[in-house]
> 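One structure coming up, written as structure tokens, with questions to follow.
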Amino acid sequence: MTTPQGPVEGPDVPDGYDVPDGPLVGEGWLAARLGRPGLVVFDASVGAHRGAARRIPGARPFDLDGALSDHTAPAPHTMPGTADLTAALRGLGLHDTDTVVVYDGAGIHSSARAWWMLRAVGFDRAAVLDGGLPAWEAAGRAVESAAPAYGGPPGTFTARPRPGLLVDGDDIAAALADPAAAVLDARSRGRFAGTEPEPRPGLRAGHMPGARNLPFTELRRPDGRMRPVPELRAAFRAATGGAEPQRLRFSCGSGVTACVLALGATLAGHLDLAVYDGSWSEWGLPSELPVTTGPEPGAARRAGG
């Protein structure tokens with residue numbers, strides 16, 4: 001494994017240094033650079049936080065409930081086609097030379113999905129704001145009483161797709177049968193076990209046989225920030241039964257919070273990572289795809305320490 005960098009803090013950096021040192025930055029890093037040419041801040045909030053009239057100054061909408069998902073697909077939050085995604089990002093004024101910081105109103109929730117999508121189209125100059133808007137406000141940073149918006153000129157963003165970062169059900173089925181791979185489900189333990197109802201109607205309860213459960217909330221500290229790297233590594237070791245699989249595949253309800261696992265795994269130093277784009281919204285539909293209920297083997301031991 002590589003040794004990743006944690007969040008970068010503080011304003012004392014050389015002039016012109018505006019490339020994130022890793023996939024996570026602290027509010028101090030962003031505050032020191034906010035307003036610089038070439039720095040783009042995206043608000044990727046979903047659900048109740050989407051379009052809220054409160055934003056980091058100048059933030060633009062990375063609208064996962066809108067143009068940044070493919071609404072012709074059967075599963076919500078499906079990655080748009082390359083042409084549509086390119087048009088949407090150019091419409092938000094994104095240039096290939098820009099640096100991006102993405103956040104959301106829930107802390108670290110849907111912002112990781114935007115970061116992973118940018119990686120999937122070859123844009124690596126992006127990071128997630130650790131703790132999101134709540135951490136920004138808790139630090140006393142300025143906010144604007146306006147919804148995220150952009151009305152400037154179009155950008156020149158060019159997509160360079162990396163197809164292996166977002167995968168389909170066939171890839172997941174292969175990973176479930178591969179002893180060198182692990183499929184981690186980011187949903188709650190109750191949804192994974194089938195004891196809590198699915199929030200989307202028509203889906204079966206339970207999980208993929210052979211999948212392991214690592215709720216995305218367990219990678220965050222109580223204040224909403226990501227856990228330190230040693231704790232992230234320990235969480236992934238526990239979730240995989242102490243193994244070090246070569247490949248990690250992530251699923252959730254609709255491909256959003258699975259990206260929090262991808263973020264945590266990147267910070268922990270894992271390299272061969274992919275997110276199941278359709279996630280349970282696809283696998284859980286009535287079909288011949290196998291589903292089982294109950295906790296995974298060893299879950300009680302892990303929960304009890």
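Since we're looking at a predicted model, the values are computed, not measured.
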> Do Trp283 and Pro290 touch side chain to side chain, with heavy atoms closer than 4.5 Å?
yes
> Do Pro20 and Trp29 have side-chain heavy atoms sitting under 4.5 Å apart?
yes
> Taking side-chain contact (heavy atoms from CB on, under 4.5 Å) as the definition, give me every residue that meets it alongside Glu218, ordered by chain and number, with sequence neighbours left out.
Arg189, Leu214, Pro215
> If I take atom CZ from residue Arg141 and atom CG from residue Leu133, how far apart are they, to the nearest 0.5 angstrom?
13.0 Å
> Is there a donor-acceptor pair under 3.5 Å between the side chain of Ser111 and the backbone N or O of Ile108?
no
> Would you mind reporting whether Trp136 and Leu30 have side-chain heavy atoms less than 4.5 Å apart?
yes
> Locate the shortest heavy-atom distance separating Pro154 from His95; write the atom from each residue and the value.
O-CE1, 4.0 Å
> Taking the side chain from Ser281 and the backbone from Gly253, do they hold a donor-acceptor pair closer than 3.5 Å?
yes
> If you take all heavy atoms of Pro134 and Gly107, which pair is closest and at what distance?
CD-N, 3.8 Å
> Mind telling me whether Phe192 and His207 have parallel, tilted or perpendicular rings, with 30° and 60° as the class edges?
parallel
> Count I, L, V, M, F, W, Y as connected when their side-chain heavy atoms are under 4.5 Å apart, and connections chain through other members. Are Val183 and Leu273 then in the same cluster?
no
> If every non-hydrogen atom of Ser279 is compared with every non-hydrogen atom of Cys252, which pair is closest and at what distance?
OG-N, 3.1 Å
> For a side chain to side chain contact (heavy atoms under 4.5 Å, CB included) check, start with the C-alpha distance between Tyr150 and Val40, then their side-chain angles and the critical distance, and finish with the verdict.
CA-CA 11 Å; Tyr150 179 71; Val40 174; over 6 Å; no
> Between His71 (side chain only) and Gly66 (backbone N and O only), is there a donor and an acceptor less than 3.5 Å apart?
yes
> Decide side chain to side chain contact (heavy atoms under 4.5 Å, CB included) for Val25 and Val128; before the verdict, give the C-alpha distance in whole Å, the side-chain angles of both, and the deciding distance to 0.1 Å.
CA-CA 6 Å; Val25 296; Val128 172; over 6 Å; no
> Looking only at atom types and distance, does a side-chain atom of Arg191 sit under 3.5 Å from a main-chain N or O of Glu198, one as donor and one as acceptor?
no
> Please report the interatomic distance CG(Leu184) to OG(Ser251), rounded to the nearest 0.5 Å.
10.0 Å
> Using 0.5 Å steps for rounding, measure from the CE atom of Met117 to the CZ atom of Phe62.
4.0 Å
> Got a sec, which residues hit side-chain contact (heavy atoms from CB on, under 4.5 Å) with Ala120, two or more places apart in sequence or on another chain?
Met79, Leu165, Leu166
> Compare every heavy atom of Ala135 with every heavy atom of Arg225, then report the nearest pair and how far apart it is.
NH2-CB, 3.5 Å
> Hey, does the side chain of Arg227 reach the backbone of Leu219 with a donor-acceptor pair shorter than 3.5 angstrom?
no
> With sequence neighbours excluded, tell me which residues meet salt bridge (charged side-chain N to carboxylate O under 4.0 Å, His left out) with Arg247.
Asp178
> Can a donor-acceptor pair be found, under 3.5 Å and without considering hydrogens, that links the side chain of Tyr276 to the backbone of Asp185?
no
> List the steps and the verdict of side chain to side chain contact (heavy atoms under 4.5 Å, CB included) for Leu24 and Leu267.
CA-CA 8 Å; Leu24 197 67; Leu267 289 165; 3.9 Å; yes
> For residues 166-176, which residue pairs pass the side-chain hydrogen bond (donor to acceptor under 3.5 Å, both in side chains) check, not counting sequence neighbours?
Asp171-Arg249
> State, yes or no, whether a side-chain contact exists between Pro23 and Arg119 at a heavy-atom distance under 4.5 Å.
no
> Check whether any side-chain N or O of Asp96 sits under 3.5 Å from a backbone N or O of Thr158 as a donor-acceptor pair, and report yes or no.
yes
> What residues form a side-chain contact (heavy atoms from CB on, under 4.5 Å) with Arg204, not counting sequence neighbours?
Ser287, Leu289, Val291
> Give, for atom OG1 of Thr86 and atom CG of Leu94, the distance between the pair rounded to the nearest 0.5 Å.
10.0 Å
> Measure the shortest side-chain to side-chain distance between Pro61 and Asp43 over non-hydrogen atoms and say whether it is less than 4.5 angstrom.
no
> Report yes if the side chains of Val121 and Thr82 come closer than 4.5 Å at any heavy-atom pair, otherwise no.
no
> Search all heavy atoms of Phe250 against all heavy atoms of Leu248 and return the closest pair with its distance.
CZ-CB, 3.6 Å
> Less than 4.0 angstrom from a charged side-chain N to a carboxylate O is my criterion; do Asp124 and Arg160 meet it?
no
> Does Ile172 share a hydrophobic cluster with Val275, counting links as ILVMFWY side-chain heavy atoms below 4.5 Å and allowing steps through other members?
no
> Let me confirm one number: the NE2-OH distance from His109 to Tyr103, rounded to the nearest 0.5 Å.
15.0 Å
> Donor-acceptor check, side chain of Arg125 to backbone of Asp98, threshold 3.5 angstrom: yes or no?
yes
> Quick check: does any side chain N or O of Ser145 sit under 3.5 Å from a backbone N or O of Arg54, one acting as donor and the other as acceptor?
no
> Distance from Ile56 atom CD1 to Phe42 atom CZ, nearest 0.5 Å?
13.0 Å
> Under 3.5 Å, side chain of Asp65 to main-chain N/O of Gly47, donor-acceptor pair present?
yes
> May I ask you to test the Arg55-Arg60 pair for a side-chain heavy-atom distance under 4.5 Å?
no
> Sequence neighbours excluded and cut-off under 3.5 Å, please list the side-chain donor-acceptor pairs for residues 254-264, or say none.
unit_1, atom_1, unit_2, atom_2, d
Ser254, OG, His77, ND1, 2.8
Ser254, OG, Arg200, NH2, 3.2

> Measure from NZ or CZ of Arg187 to the centre of the six-membered ring of Trp280 and say whether it is under 6.0 Å with the direction within 45° of the ring axis.
yes
> Report yes or no: do Leu92 and Leu85 belong to one cluster of Ile/Leu/Val/Met/Phe/Trp/Tyr joined by side chain heavy-atom distances under 4.5 Å?
yes
> Under the side chain to side chain contact (heavy atoms under 4.5 Å, CB included) criterion, do Thr240 and Glu244 qualify, and how do the steps go?
CA-CA 7 Å; Thr240 57; Glu244 290 285 349; over 6 Å; no
> Are any non-hydrogen side-chain atoms of Asp104 and Leu129 less than 4.5 angstrom apart?
no
> If every non-hydrogen atom of Ser45 is compared with every non-hydrogen atom of Ser110, which pair is closest and at what distance?
CA-OG, 3.7 Å
